[in-house]
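Before any comments, here is the structure.
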Amino acid sequence: MSNVRVRFAPSPTGFLHIGGVRTALFNWLFARHSGGTFILRIEDTDKERSTDEAIQVIMDGMKWTGLDWDEGPIRQIDRLELYREKAMDLFKRGLAYWCVCTPEELETRRKEAQARGESIKYDGRCRNRGISEPTEPAALRFSVPQEGQTVVQDLIKGEIVFENTVLDDLIILRSNGYATYNFSVVVDDGLMNISHVIRGDDHVNNTPRQIPLFEALGLPVPQFAHLPMILGADKTRLSKRHGATSVLAYKEMGYLPEALVNYLVRLGWSHGDQEIFSIKEMVEHFDFKHVQSSAAVFNPEKLKWVNAQYLRNKEPQEVAEALTPFLEAAGYDDAVRARIPGGVEALISPLRERSETLLDFVEGAVPYLVESMEMDEAAATKHLKAAIVPSLQEFADLVEAEPDFSKETLEGLLHGLIERKELKMGKVAQPLRVALTGRTVSPGIYEVMALLGKDRTLQRIRVGVERALKN
RNA sequence: GAUCCCAUCGUCUAGCCUGGUCCAGGACGGCACCCUCUCAAGGUGCAGACACGGGUUCAAAUCCCGUUGGGAUCACCA
């Protein structure tokens with residue numbers, strides 16, 4: 001086991017966002033690539049917004065995508081005392097001070113400063129007051145060094161330099177006694193020996209605030225890798241407006257977890273021209289050198305394409321296993337599925353080329369699942385005409401008299417009929433398709449018959465004939 | 001407004017570090033054709049980008065500077 005220790009640290013305030021999964025994925029990939037440890041830490045210090053359900057949803061999402069963690073979930077709520085101790089330690093060492101400015105005062109001063117066109121950072125008013133035992137509500141602020149620069153050697157963006165004068169004395173302990181995010185993160189990353197902090201680049205501006213804290217606390221400063229954001233089609237941060245952003249929503253929409261992961265890994269990382277990666281290949285090739293430094297637009301079309309690739313290349317049995325819960329959810333139980341000769345697995349080959357998601361699959365499977373199907377009226381009107389009746393009739397009679405129902409036999413029967421009647425294949429196949437499936441679009445006609453079985457095939461052709469007679 | 005980040009086809013990207021092999025390659029999407037019992041899948045082809053302006057250099061997508069444009073962050077949220 002290497003010294004690489006990384007963490008994914010979501011705050012449980014809602015669902016697991018697609019961007020969060022990507023962050024988790026890159027952490028996981030780096031850990032697995034380097035034989036390190038991947039830690040799940042829950043940042044739930046905001047008691048108002050954090051919920052247990054959200055924690056469960058995060059874990060469910062990670063399990064679904066296969067991102068397994070080695071340690072945790074560690075909850076910050078269980079470590080509040082620790083943060084308090086570390087903060088007071090800083091105070092005792094003169095590196096932090098009590099601030100009695102109220103939130104309202106601070107807000108007012110920020111507005112005034114902004115109105116004057118000045119920096120809105122904290123003015124350091126309480127820094128030299130030397131309050132040792134506050135008698136009114138007070139927050140503890142960290143005295144940020146104001147000289148020199150803080151340099152971040154980012155693994156993705158390179159060197160980022162911040163003048164320390166732009167940094168203000170951040171609050172590390174709120175007046176209610178709870179640690180703030182920037183403080184608890186540093187304490188945790190330090191104490192957990194995190195070697196690489198891999199997070200969204202919306203955190204770059206937090207980094208120069210955190211580095212001096214590591215140093216003041218005497219904790220090792222990790223390396224940083226700031227991942228570019230995922231944007232919506234309008235180039236703003238991905239949000240609900242852009243469609244589904246919860247991972248589990250993609251599960252429900254019929255995406256395969258490995259396809260989602262594959263799409264996500266290519267969003268910001270590349271390995272030459274390769275598009276499809278097995279998990280093993282991702283782990284093997286992952287590196288920060290090929291992580292893009294600019295933001296990427298989430299493209300649902302390409303996700304669909306990737307999903308389709310997986311649907312087409314997986315073992316039929318595995319696709320069937322993934323599909324079954326969706327059929328079940330659509331109300332097609334065991335008994336219904338048994339209507340198809342060969343069962344659910346028989347659906348895979350004919351439908352996989354025509355489906356991008358498992359939901360598409362269900363849609364395409366309907367005619368073969370139901371006992372009596374719905375007829376698309378427009379299709380019937382167009383294709384089931386009186387002129388075709390003799391052909392359909394004859395074909396049904398031939399099939400009925402023929403004990404063998406194999407594709408080859410069926411093909412021979414239909415071709416013989418077409419030649420005798422001097423018809424075009426399309427002239428017969430299309431009415432047949434409509435009679436058999438109620439639709440103008442389906443897998444090949446012989447595959448359709450195989451999925452229906454002999455009885456339903458005959459029965460539907462007869463019904464089709466009835467219908468054609470009325471046209 | 002301040003700070004920081006970013007900039008190759010509509011989108012994801014290769015190439016950039018280590019200038020020439022790039023009149024810029026692949027993929028999604030689009031279009032056309034082929035295949036064909038429909039729809040797909042598959043095959044073939046087409047359109048489509050180095051944001052702009054200056055340098056440096058024999059030579060720049062690649063290095064430097066500036067401009068413009070986009071994004072993120074500026075809380076006793078995380």
Side-chain angles (χ1 to χ4, degrees), chain A residues 9-13 43-46 48-50 76 99 101-103 106-107 110 113-122 137-141 152 154 156-158 160-163 166-168 170-176 178 180-182 184-185 200-208 226 228-229 231 233 235-237 263 266-276 289-290 292-306 308 312 351-356 364 379 383 414 418 424-434 437 439-446 448:
Chain A
S11 51
T13 54
E43 313 235 313
D44 54 356
T45 53
D46 183 349
E48 310 299 312
R49 300 197 299 149
S50 302
Q76 290 192 322
C99 171
C101 301
T102 65
L106 293 169
E107 179 66 22
R110 265 196 298 272
Q114 192 155 29
R116 288 194 303 267
E118 291 168 15
S119 159
I120 53 173
K121 72 178 212 176
Y122 177 61
L140 198 61
R141 281 186 191 270
V152 182
D154 193 272
I156 294 167
K157 296 180 188 291
I160 308 171
V161 180
F162 296 86
E163 294 297 330
V166 307
L167 273 21
D168 62 357
L170 69 161
I171 290 175
I172 56 177
L173 223 50
R174 292 185 261 254
S175 52
N176 65 8
Y178 290 104
T180 56
Y181 164 78
N182 272 312
S184 53
V185 162
D201 72 6
D202 47 337
H203 283 289
V204 281
N205 286 296
N206 281 144
T207 311
H226 286 98
M229 299 274 89
L231 311 177
K235 303 248 187 182
T236 64
R237 219 178 152 148
Y263 174 71
R266 282 286 290 104
L267 207 54
W269 176 79
S270 63
H271 181 67
D273 288 338
Q274 191 169 345
E275 295 287 349
I276 303 297
K289 193 180 172 192
H290 291 93
Q292 193 80 357
S293 48
S294 53
V297 173
F298 185 83
N299 183 348
E301 288 300 313
K302 186 149 184 185
L303 204 212
K304 274 191 184 177
W305 176 80
V306 174
R312 274 163 217 153
L351 292 175
R352 73 195 319 184
E353 308 288 314
R354 300 170 170 80
S355 308
E356 292 189 303
H383 296 284
L414 191 59
I418 285 167
K424 283 261 170 56
M425 181 63 174
K427 290 282 178 214
V428 184
Q430 204 55 359
L432 202 47
R433 167 169 291 108
V434 174
T437 67
R439 309 172 173 189
T440 52
V441 168
S442 83
I445 205 71
Y446 307 113
V448 166

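Worth knowing before you read on, the calculation uses all heavy atoms, side chains too, and leaves out hydrogens, waters and symmetry mates. Throughout, protein chains are lettered first and strands after them, A, B, ... in sequence-line order, and every chain is numbered starting at 1.
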Looking at [N], which nucleotide sits across from it as a Watson-Crick or G-U wobble partner, both distances under 3.5 angstrom, or is there none?
N	result
B:C52	B:G66
B:C23	none
B:A2	B:U73
B:A59	none
B:C37	none
B:C28	B:G10

What contact category does [X] fall into here, base, sugar-phosphate, or nothing, at under 4.0 angstrom with non-hydrogen atoms?
X	result
A:His203	base
A:Ile445	base
A:Ser270	sugar-phosphate
A:Arg352	nothing
A:Cys101	base
A:Asn206	base
A:Arg312	sugar-phosphate
A:Glu43	sugar-phosphate
A:Met229	nothing
A:Ile171	base
A:Gly200	nothing
A:Thr45	sugar-phosphate
A:Lys289	base
A:Pro443	base

For the side chain of [X], counting heavy atoms from C-beta on, which of [options] is nearest?
X	options	answer
A:Glu301	B:A75, B:G29, B:G26	B:G29
A:Trp305	B:G29, B:A78, B:A75	B:G29
A:Asn205	B:C5, B:U3, B:G26	B:U3
A:Lys302	B:C76, B:A78, B:C12	B:C12
A:Lys157	B:C76, B:C5, B:C12	B:C5
A:Arg266	B:U13, B:A78, B:C28	B:U13
A:Ser294	B:C6, B:U38, B:C5	B:C6

Checking the side chain of [X] only, and the main-chain atoms of [Y] only, is there a donor and an acceptor separated by less than 3.5 Å?
X	Y	result
A:Tyr263	A:Asn299	yes
A:Arg266	A:Gln274	yes
A:Ser184	A:Tyr181	yes
A:Glu43	A:Gln76	no

Within this structure, what is the [atom1]-to-[atom2] distance between [X] and [N], rounded to whole angstrom?
X	N	atom1	atom2	value
A:Ile156	B:C17	CD1	P	20 Å
A:Trp269	B:A27	CH2	P	18 Å
A:Leu267	B:A27	CG	P	18 Å
A:Tyr446	B:U36	OH	P	14 Å
A:Lys235	B:C5	NZ	C1'	15 Å
A:Phe162	B:A72	CZ	P	16 Å
A:Asn299	B:C12	CG	C1'	7 Å
A:Asp202	B:U3	CG	C1'	15 Å

Write down the distance separating the [atom1] atoms in [N] and [M], rounded off to the nearest Å.
N	M	atom1	value
B:A40	B:A78	C1'	46 Å
B:C58	B:C16	P	23 Å
B:A24	B:C64	P	24 Å
B:G20	B:U57	C1'	11 Å
B:U13	B:A61	C1'	14 Å
B:U62	B:C17	P	9 Å
B:C4	B:C12	C1'	25 Å
B:A41	B:C63	C1'	47 Å

Contact under 4.0 Å: [X] side-chain N or O vs [N] OP1/OP2:
X	N	answer
A:Arg110	B:A75	yes
A:Ser293	B:A7	yes
A:His290	B:G15	yes
A:Arg439	B:C37	no

task: Let me know, please, whether A:Asp273 or A:Gly444 comes out on the 5' side of the other along RNA chain B by nearest nucleotide.
output: A:Asp273
- prompt: Does A:His271 or A:Val161 map to a spot on RNA chain B nearer the 5' end, using the closest nucleotide for each?
  reply: A:Val161
task: Report yes if some heavy atom in the side chain of A:Thr13 is under 4.5 Å from a heavy atom in the side chain of A:Asp46; otherwise report no.
output: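 A side-chain contact under 4.5 Å is absent here.
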- prompt: Heavy-atom distance under 4.5 Å between the side chains of A:Arg312 and A:Glu353, does that happen here?
  reply: yes
- prompt: With distance as the sole criterion, do the side chain of A:Ser442 and the base of B:C39 form a donor-acceptor contact below 3.5 Å?
  reply: no
message: Can you say whether a donor on the side chain of A:Gln274 sits under 3.5 Å from an acceptor on the base of B:G26, or the other way round?
response: no
Which heavy atom of [X] sits nearest to which heavy atom of [Y], and what is that distance?
X	Y	answer
A:Met229	A:Asp201	CG-OD1, 3.3 Å
A:Pro208	A:Leu167	O-CD2, 3.6 Å
A:Leu170	A:Asn182	CD1-CB, 3.5 Å

task: Might you confirm whether atom OH of A:Tyr178 has over 12 heavy atoms from other residues, nucleotides or ligands at distances under 6.0 Å?
output: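 Atom OH in A:Tyr178 is not packed in, count stays at 12 or less.
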